[in-house]
2 protein chains.
Amino acid sequence: MLTKQELEEFSAEANLLYLDHISIDCVVFGFHEGQMKVLMLKSKNEAGWQLPGGFVKKEEPIDVAATRILATRTGIDEIFLKQFHVFGDADRNRQHNEMYNKVVAPEKNFFSHRFISIGYYALVDFIDVNPTPDAFSELCTWRDLDDLPPFLLDHEQIFKTALDTLRLQLNYQPIGYNLMPKEFTMPELQKLYETILGTKLDRRNFQRRMLGFGILNKLEATRKGGAHKAPYLYSFDLDNYQAALKEGLKSGW
Amino acid sequence: MLTKQELEEFSAEANLLYLDHISIDCVVFGFHEGQMKVLMLKSKNEAGWQLPGGFVKKEEPIDVAATRILATRTGIDEIFLKQFHVFGDADRNRQHNEMYNKVVAPEKNFFSHRFISIGYYALVDFIDVNPTPDAFSELCTWRDLDDLPPFLLDHEQIFKTALDTLRLQLNYQPIGYNLMPKEFTMPELQKLYETILGTKLDRRNFQRRMLGFGILNKLEATRKGGAHKAPYLYSFDLDNYQAALKEGLKSGW
DNA sequence: CCAAAAGTGTTCAGCTTACACCCATGA
DNA sequence: TCATGGGTGTAAGCTGAACACTTTTGG
């Protein structure tokens, strides 16, 4: 449990360092052993979990702030990030305040201010991440998408909005480069799409479609060790992938 | 030109009334006589035009703030609004500051603070709008999309991002209800799509596709007065339109 | 050699695309 | 009556969905 003194010290520093009223919350998606995962923090002070977040320094661009925040939580410096929504209800941190105001006088507590939060989602390669808790959390760890803990504040809404956004993006942007390891098999990539979408896809149609995008390189090697026919390995063709990111996969009109 | 005193008075009030560091900028699209238009304000103090914008009151949800800001600029209370991006570079209001700091001491000037701006776009029926300038503008008026004036600050980027977003939305959401009058002809609706997209579309395919969405009611009447065959009038089927807004027009996966 | 996973191929329906044709209207 | 815009129709081609067959692997 955080002490009153620790909170007051943090608040004094935060007032000097950060822009008031603006926060950033991040939904970090990872994928490992056929499971989609989110990075979450278990609060020291409250019974519940939060998304990794932080504040914006007085002279810092918001994208830089988001990158910095996630670098300290994951150890990754270059991270794929996208802002997706702003959460600006007047009482989104009421739950927080009721708890904090018992410990620290509101005027000495940075957290009791109203914050408008910019939501970012991140896609990372699971194995690159070194989950590191912040001063207000006792634990930072991956949580399976189908086994999520109770969220604090409006973080469940933030998470759900991020997932909805990711599902939409899937339709007109390539996804996978940031979530998959360097080399992977087609069934593994399919599993990623299936867990994001929450549906089963046809193996053969998926393969044709993916290859049709022209963003994959088929490698010589196969993944041995499975109990059955060894699938081919693929890697992303980074040039074509980047191009597809910009132009989109298919227009519509 | 605004006086020093006016600025100081506004700043003193703004500090009490508004959240610091957060602003809202709106891209209001309208459509009239085959032309796509944006609502813009001509600055009193600088040579250039701005998008309508404002600040968030201390206890006000951001969506309410955006609605309030646009209500005072347009006279419309119920306005179709969507947040689309946050603009948070550290120096986005540098241009502003250099000008303002000559007039008012920075510590007495709300505008010289750093602002992170939440971008909203709005779709409105042209004829409902009563353009009303704010205290810092000498003029509020529609500007044609293909005849835009020089923008102040980063408002050109905000505008372009809004237009890009609108073009994307077109692919999976119905657009038109908020931009068209109650009754309209198919060629008129097509003109809207063409100006948003910046391309020509096939008359017959457009009609089939639009009707295929099931969001239009064909009316008995026709639009007389044109020099040629009178086109049928249509109205939007609001129920189906709303449903399409939620579910999207076509998935993809 | 067999079960299960993976690679490859084919068919069919529905949609998009690109046109042709006819009708109504005011000049 | 004729030029023009608007309504309706249709054939060709592409794409996604559904499904069959073959190949490879470890047990």
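Below, chains carry the letters A, B, ... as their sequence lines are ordered, and counting in each starts from 1.
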In whole angstrom, what separates B:His228's NE2 from C:dA27's C1'?
9 Å

Rounded to the nearest Å, what distance is computed from the CZ atom of residue B:Phe184 to the P atom of nucleotide D:dG6?
15 Å

Using a heavy-atom cut-off of under 4.0 Å over every strand shown, decide if A:Ala227 touches base, sugar-phosphate, or nothing.
base

Starting at atom NZ of B:Lys218, determine the distance to atom C1' of D:dG6, rounded to an integer number of angstrom.
11 Å

Roughly, in whole Å, what's the span from CG in A:Leu211 to P in C:dA6?
15 Å

Measure the distance from CD on A:Gln190 to P on C:dG7 and round it to the nearest whole Å.
10 Å

Donor/acceptor link under 3.5 angstrom from B:Arg203 side chain onto base of D:dG7
yes

Using OP1 and OP2 only, check whether a side-chain N or O of A:Gln207 sits under 4.0 Å from C:dA6.
no

In whole angstrom, give the distance that lies between atom NZ of A:Lys200 and atom P of C:dA5.
11 Å

In whole Å, what is the span from the CG atom of B:Asp202 to the P atom of D:dG7?
13 Å

Side chain to side chain, B:Trp142 and B:Val28, heavy atoms closer than 4.5 Å
yes

Whole-Å distance, A:Phe206 CZ to C:dG7 P, equals 12 Å

Between D:dG7, C:dT17, C:dA6, spot the one nearest the side chain of B:Pro231, thanks.
D:dG7

For the backbone of B:Gly214 and the side chain of B:Asn240, can you confirm whether one donor and one acceptor N or O come within less than 3.5 Å of each other?
yes

Does D:dT8 have its OP1 or OP2 closer than 4.0 Å to a side-chain nitrogen or oxygen of B:Lys229?
no

If you assign each of B:Ala230 and A:Asn205 to its closest nucleotide in DNA chain C, which residue comes earlier from the 5' end?
A:Asn205

Please check if atom OH in B:Tyr177 has more than 12 non-hydrogen atoms from other residues, nucleotides or ligands closer than 6.0 Å.
no

Within a strict 4.5 Å, meaning less than it, do heavy atoms of the B:Leu41 and B:Pro52 side chains meet?
yes

Which nucleotide in the set D:dG7, C:dA6, D:dG9 lies at the smallest distance from any side-chain heavy atom of B:Arg208?
D:dG9

Base of C:dA20 paired with side chain of B:Arg204 (donor-acceptor, under 3.5 Å):
yes

Donor-acceptor check, side chain of B:Asp202 to backbone of B:Asn205, threshold 3.5 angstrom: yes or no?
yes

